[in-house]
Amino acid sequence: MTQIVILPHHELCPEGAAIEAKPGESICEALLRSDIEIEHACEMSCACTTCHVIVREGFDSLSEADELEEDYLDKAWGLEPESRLSCQALVADEDLVVEIPRYTINHASERH
């Protein structure tokens, strides 16, 4: 199992968290399975940017971003060079440190 350290997020995990992920699992799947309710408005189909994360450590161990993900990332709020859509970033064997940005550009949030 791979450890993912989630940096503190004011709503989703104020204290931060350390979770386990299976190699080949997406960061989004691991977060949701661990009760960290990251937004995923498109149901993990790579059709929005609501599950955008910044991978602070272990970025190079993730699966390669494809052209569609890169196109969506260009629209994400707070884009950084280590940004990924968590629904598309597949975990390998290297531990990760992940930051969930404070905002998304989702105009129809599922959290009211």
Side-chain angles (χ1 to χ4, degrees):
M1 296 285 266
T2 301
Q3 183 179 59
I4 302 176
V5 173
I6 312 303
L7 298 176
H9 182 277
H10 69 290
E11 287 179 8
L12 301 179
C13 56
E15 305 298 317
I19 65 172
E20 297 291 322
K22 302 171 201 152
E25 179 176 37
S26 74
I27 293 173
C28 189
E29 291 168 328
L31 292 171
L32 294 171
R33 185 176 40 73
S34 300
D35 298 321
I36 299 173
E37 296 297 323
I38 189 167
E39 286 194 52
H40 55 289
C42 71
E43 297 300 319
M44 297 184 268
S45 65
C46 195
C48 72
T49 64
T50 60
C51 71
H52 168 230
V53 296
I54 303 163
V55 182
R56 297 294 182 198
E57 292 180 24
F59 181 83
D60 291 333
S61 71
L62 298 171
S63 61
E64 220 29 62
D66 66 15
E67 190 174 329
L68 180 62
E69 180 184 356
E70 294 286 351
D71 288 346
Y72 274 104
L73 278 170
D74 286 342
K75 302 171 189 172
W77 184 89
L79 181 67
E80 294 192 19
E82 294 81 24
S83 288
R84 289 296 303 269
L85 298 182
S86 66
C87 70
Q88 301 299 303
L90 303 182
V91 174
D93 293 327
E94 188 175 330
D95 292 344
L96 305 171
V97 175
V98 173
E99 179 181 350
I100 301 170
R102 186 171 178 93
Y103 302 106
T104 72
I105 60 169
N106 187 9
H107 297 289
S109 177
E110 295 172 13
R111 287 191 297 268
H112 304 294

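Numbers here are sequence positions counted from 1.
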Give the minimum heavy-atom separation between [X] and [Y], together with the two atoms involved.
| X | Y | value |
| --- | --- | --- |
| C42 | A47 | SG-N, 3.3 Å |
| I19 | A30 | CD1-O, 3.6 Å |
| P14 | P8 | O-CB, 3.3 Å |
| M44 | Q88 | O-NE2, 3.8 Å |

P23 pairs by side-chain contact (heavy atoms from CB on, under 4.5 Å) with which of V91, D93, L90?
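Exactly one option meets the side-chain contact (heavy atoms from CB on, under 4.5 Å) with P23, and it is D93.
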
With no hydrogens and no angle check, is any side-chain donor or acceptor of [X] less than 3.5 Å from a backbone partner on [Y]?
| X | Y | value |
| --- | --- | --- |
| D95 | Q3 | yes |
| H9 | L12 | yes |
| E29 | S26 | yes |
| R33 | E20 | yes |

S86 and H52 side chains, donor-acceptor separation under 3.5 Å:
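On atom types as modelled, these side chains do not qualify, holding no pair under 3.5 Å.
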
With a 4.5 Å heavy-atom cut-off, do [X] and [Y] have their side chains touching?
| X | Y | result |
| --- | --- | --- |
| T50 | I38 | no |
| L96 | S61 | yes |
| Y72 | L85 | yes |

Shared ILVMFWY cluster between V97 and V53, side chains joined below 4.5 angstrom?
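V97 and V53: separate clusters.
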
Among pairs that include at least one residue of residues 67-76, which meet salt bridge (charged side-chain N to carboxylate O under 4.0 Å, His left out), considering only residues two or more places apart or in two chains?
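Applying salt bridge (charged side-chain N to carboxylate O under 4.0 Å, His left out) to every pair that reaches into residues 67-76, excluding sequence neighbours, yields E69-R84.
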
Straight-line distance of [X] [atom1] to [Y] [atom2], nearest 0.5 Å:
| X | Y | atom1 | atom2 | result |
| --- | --- | --- | --- | --- |
| E43 | C51 | CD | SG | 11.0 Å |
| I6 | S34 | CD1 | OG | 8.0 Å |
| L32 | I27 | CG | CD1 | 12.0 Å |
| I100 | I54 | CD1 | CD1 | 10.5 Å |
| D66 | C46 | CG | SG | 6.0 Å |
| H40 | L31 | NE2 | CG | 10.5 Å |

Could you please spell out the steps behind the side-chain contact (heavy atoms from CB on, under 4.5 Å) verdict for L62 and V55?
CA-CA 9 Å; L62 298 171; V55 182; 3.7 Å; yes

Set out, in order, the CA-CA distance, both residues' side-chain angles and the distance that settles side-chain contact (heavy atoms from CB on, under 4.5 Å) for R56 and E80, then state yes or no.
CA-CA 10 Å; R56 297 294 182 198; E80 294 192 19; 2.7 Å; yes

